[in-house]
Amino acid sequence: MIDLRSDTVSQPTDAMRQAMARAEVGDDVLGDDPTVRRLEEASAERIGKEAALYVPSGTMANLLALLVTCGRGDEAVVGSESHILHHEAVGASALGGISLRSVANDDRGRIDPDEVASVVRAPAAAPRTVLVCLENTQNRCGGAAIPLDSMRGAAEVARGAGAAVHLDGARIFNAALALETDAATIAGLADTVSFCFSKGLGAPVGSVLTGPREVIDRARVLRRQLGGGMRQAGVIAAAALHALEHHVERLSEDHERAARLADGLASLPGGAIDIDAPDTNIVFFEIDDALDGVEFRERLAAEGVLCSGTGPQRVRMVTHLGVDDAGVEGAVAAARRVVESMRAA
Ligand SMILES: *Cc1c(COP(=O)(O)O)cnc(C)c1O
């Protein structure tokens, strides 16, 4: 199987499993798991923030950022294609009474600062706009790396209106690589930043929320309320620490393979696939309307290549540490066979 559905499907490596087996652990709810503490310190340092909190998922990290900043009836501005809006079961609204107001992500995932200015409300208004959430890389917009200038523009408008800025940096290291900067520089544009160990970094579980110590201390209490306090979590934190130490540099391999995958798919006969060069490890493309996109995916799966999609004709493939060069070649060859057989039918 060549599993391109997401970078979340990667399996822990042998070295990672060994790090997990050796992990020194304690009861993290009591604050004495040394591996979790090391992970939180290393994460905060890497991202250039005072403190970090290890949580079970990126969804919980984003939810905590929203809950810690917004009260019930407050408003948070999010991108129209954001993960927070589409893939987190609107926990912020359901659990926190927070109103989510969306601003357009353009097809490159960017948010126009003027649009942010047009939706943020004056400090005395009801509801108050207390948070603006950005996302980098922007998942649904093709894993786009959002340039620093674009982020800065939106962040400045937010601050000018008295709102804080949260960055959903699930794949911040992919963004840093594509933008030729470091994660801390991107993170410096936001007050709180979340990122995932379970995506391209290849750990089995976990994310962090990073930010000022006082904010993270309050988020720790909220994590407890949500049932996210974990006991000997060092076992999984060890995998995340291993990922942070050994799997950041190798993300360039995923980007190169995504570029090669896109090239290969673009060269299929008859313009079957309309595709842009990916910025990072996520490849999105449109299947020509003459071909049934759902059938394309089913046939590809029967050939041993798994992918996902956000619409019948819109397909997503993601490279990760479980996909090697042969996997990329195999996926392109399988797509070619499927397209040729569908055209012949
Ligand atoms: C994956 C992802 C998250 C968090 O997802 P979990 O599955 O809850 O860990 C958040 N934001 C973006 C952009 C993501 O891609």
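Everything quoted here is computed from the prediction, not taken from an experiment. Just so you know, ligand 1 is whichever comes first in the structure, and atom 1 is the first atom listed for that ligand.
- With ligand atoms numbered from 1 in the order given, ligand 1 contributes 8 (O), 9 (O) to contacts under 4.0 Å with heavy atoms of S57.
- Side-chain atoms of T185 do not come within 3.5 Å of backbone N or O of T181 as any donor-acceptor pair.
- The single protein non-hydrogen atom nearest to atom 11 (N) of ligand 1 is D168 OD2, 2.6 Å, given as residue, atom name and distance.
- Among all non-hydrogen protein atoms, the one lying nearest atom 13 (C) of ligand 1 is E135 OE2, 3.2 Å.
- The aromatic rings of H83 and H87 lie tilted to each other, with the angle between the two planes from 30° to 60°.
- Here T137 has no heavy atoms under 4.0 Å from ligand 1, in either its backbone or its side chain.
- Considering each of V318, N139, I172, T59, the one bringing a non-hydrogen atom nearest atom 8 (O) of ligand 1 is T59.
- With a 4.5 Å cut-off on side-chain heavy atoms, H166 and L66 do not count as touching.
- Contact annotation for Q138 and ligand 1: no heavy atom of the residue comes within less than 4.0 Å of the ligand.
- Of the N and O atoms on the side chains of N281 and T319, not one donor lies less than 3.5 Å from an acceptor on the other residue.
- With distances taken over non-hydrogen atoms, the option nearest atom 5 (O) of ligand 1 out of K199, H87, E88, R171 is K199.
- For ligand 1, the atoms closer than 4.0 angstrom to any heavy atom of G58 are 4 (C), 6 (P), 8 (O), 9 (O).
- Side-chain N or O atoms of D288 include none that pairs as donor or acceptor with a backbone N or O of L291 at under 3.5 Å.
- With sequence neighbours left out, R152 forms a side-chain hydrogen bond (donor to acceptor under 3.5 Å, both in side chains) with D149.
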